[in-house]
Protein chains: 2
Amino acid sequence: MANIHDIAKLAGVSVTTVSRVLNNHKYVSDDKRTKVLTIINELNYAPNQSAIDLTRGETKMIGLIIPYNNNACFDQLLNGVLNKAVEMDYTVIVLPTQYNKEKEIEYLSKLKNKQLDGMIITSRANDWDAIIPYSDYGLIVSYDYTSHPAIGCSYIDRYSSYLDAFQLLKDKGHTHVAFTTARETESMSTQHLITAYKEVFGTFIPEYYLTGCSCLDDGIAAAKNLLHLPNRPTAIFANGDEVAGGIHLYAKSINLETPRDLAIIGQENQPIGVGLGITTVDHQLTKVGEQACELIIHKSNQKVKVPYQIIQRTSV
Amino acid sequence: MANIHDIAKLAGVSVTTVSRVLNNHKYVSDDKRTKVLTIINELNYAPNQSAIDLTRGETKMIGLIIPYNNNACFDQLLNGVLNKAVEMDYTVIVLPTQYNKEKEIEYLSKLKNKQLDGMIITSRANDWDAIIPYSDYGLIVSYDYTSHPAIGCSYIDRYSSYLDAFQLLKDKGHTHVAFTTARETESMSTQHLITAYKEVFGTFIPEYYLTGCSCLDDGIAAAKNLLHLPNRPTAIFANGDEVAGGIHLYAKSINLETPRDLAIIGQENQPIGVGLGITTVDHQLTKVGEQACELIIHKSNQKVKVPYQIIQRTSV
DNA sequence: CCTTGACATGAAACCCATTTCACATTTTAC
DNA sequence: GTAAAATGTGAAATGGGTTTCATGTCAAGG
């Protein structure tokens, strides 16, 4: 492969001039520009990106840390990030951690190695204390709200959204309300959920709280569990529309009509919910992803709240 | 940020030695190795990845060209690619084209720019003629079978799988069989589908072929269309389990029982199919992705056929 | 005692671009 | 008519590593 020096020599100009042509600088005479472009074409030359990155000190690449790469929520976030990145001529690399701490640190090191300009963390395994130091090497944007000034945030007000969802159920007269979550661990999100629950309904009944739900089958299993309880809940707030769909389908199979016998609220406005008419809390994760990407590109560590919305259909 | 020369100077050794320590070469005395590591720690040094890539002439990065980034099939492929890439210490960048030819070529140029070591094409907008030249700069692996020797393939025998699916329906006594596809265009996949259909059922009835289906709602719409035809099909082969699920749900809503009144076969073994008991042709796209990634890493332009399997549930 | 191979180290070339600075020539402005 | 601004060009420094080659020491083998 030819390099910029070869081009310069053959075109009878300096490498500086070739570089200027390459980068569309002004102050290059038309004849030299033409000559250079001709030679570039003849030799089928293309500049070496690593060399460019090395001199520029940036790569226009953004990392996206996700725990799993086959999860609807993270797909929506990725979708948003990609939208904005493509538009702004950035490139996205996907970094799945499986919540492995070492892996996560290894990925964060890519900032220090100058392989990435910025990093978006959708869900993390490490404590912030372990993550913060890496913000010296590139902007880190989080999907969890954090007050640390160095970290940008593109977040949703989960607590309010949960409060709204529960209130909606309470307004419809429900007092026996169950809910599901995905992760076993005590994440912030789960904390908010439980706090909001207590805020609206007073006491928290352990049997009404199921965890480890993420797909339609988990929803079916959850419904199988909840709907045969002696004190059957009359409403369920699921952590996703797939789960909600499973609950809906199982309920129907044992002749419980929605919303007459069982109210269901899902989350994230996923395809399945449309067909089944499931009311959902849409946290607009695509927008969250777009916003996160935008913060990185503009090197802004602002805290941006993305509004959620409740899409009312027929399951409440 | 410190660089390798700073480390060398402070440790009282040559840059060569520092490089050796960094890359775990043998033939470095323990005391120098220790000294270098100490200084690296003190200065919080990390090697610059762009510089490494520049000298090595490779980046250990793989591009994944997909048309859309919110599609279940491509998610499965991505999933497989990521599995293998993480395992082999490669990095994946996601390149959504929206079937835009220029965008696709722009992405392929990343091979020429030495930004990527290899490229996986899941679906393409350009003709092979426009793509082939880029294989000079890095291995290209395709998810479509192509006979061109330069291109590696991790593909599925779609034709056989369609033949099998239609035969399964024919064996159950179905003669009025409809089917759906995603893209409007005349892709190879659609060609195979129609050929297989004719092979099994003889004549092809245009009203039984619906296109533009990709999600649950599309399935519902398709069913709404097909199931009120004067000559109602008794079986439908859908292009995905989401679509199949939509068909299933709509059929149920107009009191058509599955499989008594309507047989349904889906594709890709997606979560929704499990719950609804939909028989599916699992093309094992995750494995296809893994295999494609492996070809790239081993720089092999072999043609590897990944076996599909039909998962029988209760919808046929 | 001499040869060989393993161990240890560094100088310098190389990978490939961008950018600063210096200098020369034209235009434009007053 | 002259000072200032715009235009055009290239040498050389810079970014930060890897690798080849040359050289030297030391211990084992014959």
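Naming convention: chains lettered A, B, ... in sequence-line order (proteins, then strands); numbering from 1 in each chain.
Using a 4.0 Å heavy-atom distance criterion, B:Thr16 is classed as a base contact. B:Val28 comes within 4.0 angstrom of sugar-phosphate atoms only, judged by non-hydrogen atoms across all strands, and of no base.
A salt bridge links A:Glu87 and A:Lys84; the closest N-O separation between the charged side-chain nitrogens and carboxylate oxygens is under 4.0 Å.
B:Tyr99 and B:Ser123 form a side-chain donor-acceptor contact under 3.5 Å, judged by distance and modelled atom types alone. Residues B:Asn100 and B:Glu104 have side chains that never bring a donor and an acceptor to within less than 3.5 angstrom of each other. At a cut-off of 3.5 Å, with distance as the only test, a side-chain donor of B:Ser29 or B:Asp31 sits close to an acceptor on the other residue.
If you measure from atom CG of A:Leu54 to atom C1' of C:dT19, you get 13 Å, rounded to the nearest angstrom. Straight-line distance from the CD1 atom of B:Ile52 to the P atom of D:dG15: 17 Å, rounded to whole Å. Spacing between atom CG of B:Asp31 and atom C1' of C:dC7 amounts to 13 Å, rounded to whole angstrom units. A straight line from OH of A:Tyr27 to P of C:dT25 spans 18 Å, rounded to a whole angstrom. Between A:Gln49 atom CD and C:dC16 atom C1' there is a gap of 12 Å when expressed in whole angstrom units. One interatomic measurement links the two molecules: CZ of B:Arg20 to C1' of C:dT9, which rounds to 6 Å at whole-angstrom precision. Taking atom CD1 on B:Ile4 and atom C1' on C:dA12, their separation rounds to 14 Å, with Å as the unit. In this structure, A:Asp53 places its CG atom 16 Å from P of D:dG15, rounding to the nearest Å.
The shortest distance between the side-chain N/O atoms of A:Lys32 and the OP1/OP2 oxygens of D:dG10 is below 4.0 Å. Listed pair A:Asn23 / C:dT18 meets the phosphate criterion, a side-chain N or O lying under 4.0 Å from OP1 or OP2. Within the structure, a side-chain polar atom (N or O) of B:Ser14 is placed less than 4.0 Å from OP1 or OP2 of C:dG10. A:Thr55 has no side-chain polar atom (N or O) that falls below the 4.0 Å cut-off from OP1 or OP2 of D:dT14. OP1 or OP2 of D:dG16 lies within a sub-4.0 Å distance of a side-chain N or O belonging to B:Asn3.
Along DNA chain C, the nucleotide closest to B:Gly12 and the one closest to B:Ala51 are compared, and the more 5′ of them pairs with B:Gly12.
When each of B:Val141, B:Leu139, B:Ile140 is paired with B:Asn301, the side chain to side chain contact (heavy atoms under 4.5 Å, CB included) condition holds for B:Leu139 and for no other.
For D:dG8, its base never sits under 3.5 Å from the side chain of A:Arg33 at any donor and acceptor pair. Counting atom types as modelled, A:Ser50 pairs no side-chain N or O with a base atom of C:dA17 as donor and acceptor under 3.5 Å.
Comparing atom distances between the B:Ser19 side chain and each of D:dG10, D:dT18, C:dA11 picks out D:dT18 as nearest.
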